[in-house]
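What follows is a set of notes on a single structure, which appears directly below.
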Amino acid sequence: MKIFLDTANVADIKKWSHMGIIDGVTTNPSHLSKEGGNPVEIIKEIMKILPHGEISVEVTEKDPMAVYEQAKKIAALGNNILVKVPCASEYYDIINKLVQENVKLNITLVFTLIQSLMMCKLGVTYISPFIGRLNDIDEDGIEVLHEIKYMQTQYDFSTGILAASIRTVDQFHGTIDAGVDAVTLSAETLEKAVKHPLTEQGMEKFDADWKKLGIKKFP
Ligand code: G3P
């Protein structure tokens with residue numbers, strides 16, 4: 001299972017990239033806007049930190065032909081770039097064209113099984129179902145993820161499922177349980193997910209007991 005950091009924050013990406021568990025980064029216009037500065041420079045910096053990672057960069061144009069042109073330019077930034085295109089039916093035509101031209105796409109803002117099926121048929125690299133935002137409208141995001149996973153397996157589609165809008169440790173847990181190909185998380189959620197109070201308490205107890213022995217050199 002691939003783990004991506006859902007951010008454009010260079011400091012967070014640097015921190016987690018050294019640990020060997022991060023397979024890439026997913027940015028979006030909100031993340032880049034939050035960082036300020038020149039978004040192309042930020043993307044280049046991220047590419048330097050993770051030269052072998054998969055870096056998703058989203059289109060910002062609206063008109064389908066403008067999205068197509070922009071997607072090609074974004075893809076040209078590097079071999080490890082995936083272009084995020086919203087899962088809107090007016091883009092199906094250009095998504096199809098981009099796939100034929102070997103542009104790696106991460107289709108974003110996916111909310112239903114049927115949208116997922118359409119994107120799998122078009123052969124995109126990833127679909128990103130938004131779990132937290134489904135939960136926001138009282139739908140069960142993880143349940144939808146299970147349905148999408150079942151569909152992908154049932155029809156043997158090559159498109160990967162990248163669970164996005166994951167805001168809690170429970171949601172992260174649910175993505176693993178659903179057996180998806182990848183998940184994207186904020187550094188904050190990842191930080192919470194890898195910590196357990198019993199691990200910390202256990203370490204303290206072992207340390208206290210060990211000190212009672214009074215041994216200075218071991219082994
Ligand atoms: O990358 C897109 C996605 O993860 C957004 O999450 O929390 O804004 O719904 P959120």
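Along the sequence shown, residues carry numbers from 1. Counting starts at 1 for both ligands and their atoms, following the listed order.
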Can you spot which of Leu162, Val83, Val103, Leu82 makes a side chain to side chain contact (heavy atoms under 4.5 Å, CB included) with Thr125?
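With Thr125 as partner, Leu162, Val83, Val103, Leu82 yield a single side chain to side chain contact (heavy atoms under 4.5 Å, CB included), made by Leu82.
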Quick check on side chain to side chain contact (heavy atoms under 4.5 Å, CB included): which of Ile107, Val59, Ile95 does Pro86 satisfy it with?
Val59
Taken in chain and number order and not counting sequence neighbours, the residues that satisfy salt bridge (charged side-chain N to carboxylate O under 4.0 Å, His left out) with Asp138 are none
Can you list everything that forms a salt bridge (charged side-chain N to carboxylate O under 4.0 Å, His left out) with Lys216? Sequence neighbours excluded, please.
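Lys216: no salt bridge (charged side-chain N to carboxylate O under 4.0 Å, His left out) contacts found.
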Using heavy atoms and a cut-off under 4.0 Å, could you grab the residues that are in contact with ligand 1, chain by chain, numbers ascending?
Asp6, Asn28, Lys84, Phe130, Arg133, Ala164, Ser165, Arg167
Provide the full list of side chain to side chain donor-acceptor pair (under 3.5 Å) pairs with a residue in residues 33-49, sequence neighbours left out, each pair given once.
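Non-adjacent pairs meeting side chain to side chain donor-acceptor pair (under 3.5 Å): Asn9-Glu35.
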Run through Asn106, Asp6, Thr26, Thr27 and flag the one making a side-chain hydrogen bond (donor to acceptor under 3.5 Å, both in side chains) with Ser56.
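The single option meeting the side-chain hydrogen bond (donor to acceptor under 3.5 Å, both in side chains) with Ser56 is Asn106.
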